[in-house]
Amino acid sequence: MRTFSIPSAEAIAHLHRIAARSRSLSDGEAARVAQRAVSEIRAGKDAALERWRRRFDGVSGGLRASRIPGSVTPGFRRALDVAIERISRFHALQKTPAARLSVAGSLIEERVVPLDSAGVYIPGGEAVYVSTALMTILPARLAGVKRIAVATPPAAWDRSPELRHALSRLGIREVYRMGGAHAIAALALGTESIPSVAKVVGPGNRFVAAAKRAVSGIVGIDGIAGPTEVAIFADGSADPEHIAADLLAQAEHAADAAALLVTTSAALGRRVDAAVARQIAALPQSARARAASSLRRYGAIGLARSRSAAVSFLEEFAPEHLGIQTSRSIQDARLFQRAGAVFAGAASSEVFGDYAAGSNHVLPTNGTARFASSLSVRDFVRRFVVVSLSARDARSLAPSVEVLAQAEGLPAHAAAARLRRTVRP
């Protein structure tokens with residue numbers, strides 16, 4: 001893995017290299033494909049969707065998946081139940097009460113209601129992401145969303161009994177065998193066979209990302225998921241084997257994944273580099289090829305001159321996943337505010353967050369952790385306000401509202417307020 005000093009021009013250049021990956025999310029080809037899918041499916045509905053499915057999914061017919069149970073091992077059933085229980089317990093805590101203000105006989109109340117529907121996209125390229133089903137469907141269920149429609153590539157549905165079992169276990173009855181930009185367009189716009197949804201969530205490739213951007217505003221979206229990334233902050237007390245394993249776990253996702261170690265210990269950096277070389281050789285060929293390409297392009301070891309330099313660099317990065325493996329991991333976790341999720345301590349490998357720790361693995365990428373958050377129950381509700389003023393309160397507020405409206409040059413606003421000066425119960 002390449003090594004550079006922090007701070008340095010090379011360190012900044014590497015962050016720019018990682019950030020440049022996001023250009024693929026809005027590249028010309030993906031944007032054109034997404035816009036064409038949206039335009040054609042808006043006009044042609046089912047007939048257009050079938051053309052896209054034949055071309056990109058390689059199938060015809062069988063859009064609505066039949067309820068074929070997945071035959072899975074007892075071990076998988078137990079593991080799935082463990083993950084469901086932990087994710088549900090944590091996400092149930094995200095149900096926050098609505099705001100409520102009683103003043104001068106008036107009630108200003110915020111009401112929180114679930115979305116009536118949500119579309120969940122579960123990718124299925126080189127891997128089938130059963131875990132994504134848990135991370136997207138469980139928060140929607142806990143929020144109270146009554147209709148959840150799932151789209152996943154036909155190959156993923158057909159070849160994975162684990163995915164079919166998981167969706168059945170989660171009570172999903174509406175599954176569509178379609179993937180890519182046309183799947184997002186169909187969920188958002190609706191066709192004769194697919195009622196439109198209020199919001200579309202879930203990660204996917206650059207065509208999925210471009211389609212989500214194209215339908216944003218027509219429906220809600222959770223964000224534009226980019227290539228995955230992990231950064232690990234470690235000192236000389238860390239175990240190089242653990243760090244190498246965590247870097248490789250992220251790098252094996254795809255050739256454009258990013259995996260960085262930032263450390264104040266040059267000796268640890270050398271040991272991690274050696275451990276990565278040793279561990280990557282033991283991976284199966286396909287995973288080894290993806291991880292090797294990822295580390296060659298976006299992997300790095302940053303040697304920080306001080307702890308403060310390391311923190312500044314990582315805050316600038318704002319990584320999707322931030323691992324902290326230091327002698328004081330819990331305290332050091334408080335130094336960071338810009339990360340999708342933080343995993344503090346040697347035992348806290350990011351892979352637990354991917355599956356069963358309880359947190360959500362749909363996280364902001366490409367530096368968007370500066371303003372975005374992980375998927376949660378809150379993403380599946382709407383908040384609106386009901387204002388019920390007493391006559392006494394209206395009479396009291398009316399003069400102030402009238403003055404403010406006049407200052408803005410809105411005489412009809414002022415007149416409406418003025419009429420309430422004499423309102424009676």
Side-chain angles (χ1 to χ4, degrees), residues 84-120 135-148 171 195-201 216-223 333-334 336-342 358-360 362-364 368-425:
I84 288 173
E85 194 272 337
R86 283 289 290 266
I87 295 166
S88 297
R89 282 182 65 185
F90 179 73
H91 284 72
L93 300 174
Q94 296 171 345
K95 296 180 180 180
T96 54
R100 184 183 175 92
L101 173 65
S102 295
V103 57
S106 298
L107 176 63
I108 299 90
E109 180 183 20
E110 179 186 61
R111 295 185 183 175
V112 182
V113 297
L115 301 181
D116 57 16
S117 58
V120 169
M135 300 294 176
T136 50
I137 292 169
L138 287 172
R141 280 271 186 258
L142 287 164
V145 178
K146 288 187 167 44
R147 176 184 165 233
I148 301 175
S196 62
V197 298
K199 188 167 190 173
V200 177
V201 304
S216 176
I218 300 172
V219 296
I221 63 171
D222 55 337
R334 300 190 183 103
F336 298 94
Q337 297 183 28
R338 292 180 168 189
V342 177
S359 57
N360 204 290
V362 181
L363 299 167
T368 58
R370 292 176 292 110
F371 56 82
S373 307
S374 63
L375 192 70
S376 75
V377 171
R378 304 177 192 99
D379 289 290
F380 296 97
V381 298
R382 291 190 307 108
R383 296 173 180 268
F384 64 97
V385 173
V386 176
V387 178
S388 179
L389 297 184
S390 67
R392 174 166 60 94
D393 197 24
R395 289 196 301 271
S396 174
L397 290 174
S400 296
V401 172
E402 185 178 352
V403 168
L404 293 170
Q406 288 170 337
E408 292 187 345
L410 298 171
H413 281 64
R418 190 180 311 117
L419 284 174
R420 268 60 180 193
R421 285 190 178 208
T422 56
V423 71
R424 292 289 177 260

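Under the 3.5 Å distance criterion, the side-chain polar atoms of Gln94 are matched with a main-chain donor or acceptor of Val377. Side-chain atoms of Lys95 come within 3.5 Å of backbone atoms of Leu142 as a donor-acceptor pair (strictly under, hydrogens ignored).
Separating the CD1 atom in Ile218 from the OG atom in Ser196 is a distance of 10.0 Å, to the nearest 0.5 Å. Of the inter-residue distances, the one linking Arg141 atom CZ with Lys146 atom NZ reads 10.5 Å to the nearest 0.5 angstrom. Annotation: the span from Arg392 atom CZ to Leu397 atom CG amounts to 11.0 Å, rounded to 0.5 Å. Residue Arg89 holds its CZ atom at 14.0 Å from CG of Leu138, rounded to the nearest 0.5 Å. To the nearest 0.5 Å, atoms CG (Leu93) and OG (Ser88) are separated by 11.0 Å.
Nearest heavy atom pair, residue Ser390 against residue Ser106, reads N-OG, 2.8 Å. Closest approach of Ala414 and Ala405 over heavy atoms only: N-CB, 3.6 Å. Nearest heavy atom pair, residue Ala369 against residue Gly340, reads CB-N, 3.7 Å. Between Asp116 and Ala198, the closest heavy-atom pair is OD1-CB, 3.7 Å. A pairwise comparison of heavy atoms in Ala98 and Val112 identifies CB-CG2, 3.8 Å as the closest pair.
At a threshold of 4.5 Å between non-hydrogen side-chain atoms, the residues Ser376 and Pro139 do not count as touching. In this structure, Arg382 and Leu115 have side chains that are in contact, with non-hydrogen atoms separated by less than 4.5 Å. In this structure, the side chains of Val113 and Phe384 come closer than 4.5 Å at one or more pairs of heavy atoms. You'll find the side chain of Asp379 reaches within 4.5 Å of the side chain of Lys199, heavy atoms only. You'll find the side chain of Asn360 stays beyond 4.5 Å of the side chain of Phe90, heavy atoms only.
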| message | Please determine whether side chain to side chain contact (heavy atoms under 4.5 Å, CB included) holds for the pair Arg395 and Val423, giving the CA-CA distance in whole Å, both sets of side-chain angles, and the decisive distance to 0.1 Å. | response | CA-CA 7 Å; Arg395 289 196 301 271; Val423 71; 4.1 Å; yes
| side chain to side chain contact (heavy atoms under 4.5 Å, CB included) between Asp222 and Val362: does it pass, once the steps are laid out? | CA-CA 9 Å; Asp222 55 337; Val362 181; 3.7 Å; yes
| field | Working for side chain to side chain contact (heavy atoms under 4.5 Å, CB included), residues Thr136 and Ile148 | value | CA-CA 10 Å; Thr136 50; Ile148 301 175; over 6 Å; no
| Arg383 and Thr96: side chain to side chain contact (heavy atoms under 4.5 Å, CB included), yes or no, with the steps? | CA-CA 11 Å; Arg383 296 173 180 268; Thr96 54; 2.7 Å; yes
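Remark: Arg378 engages no residue in a salt bridge (Lys or Arg N to Asp or Glu O under 4.0 Å) (not counting sequence neighbours). Under the side-chain hydrogen bond (donor to acceptor under 3.5 Å, both in side chains) criterion, Glu109 pairs with Arg100, sequence neighbours left out.
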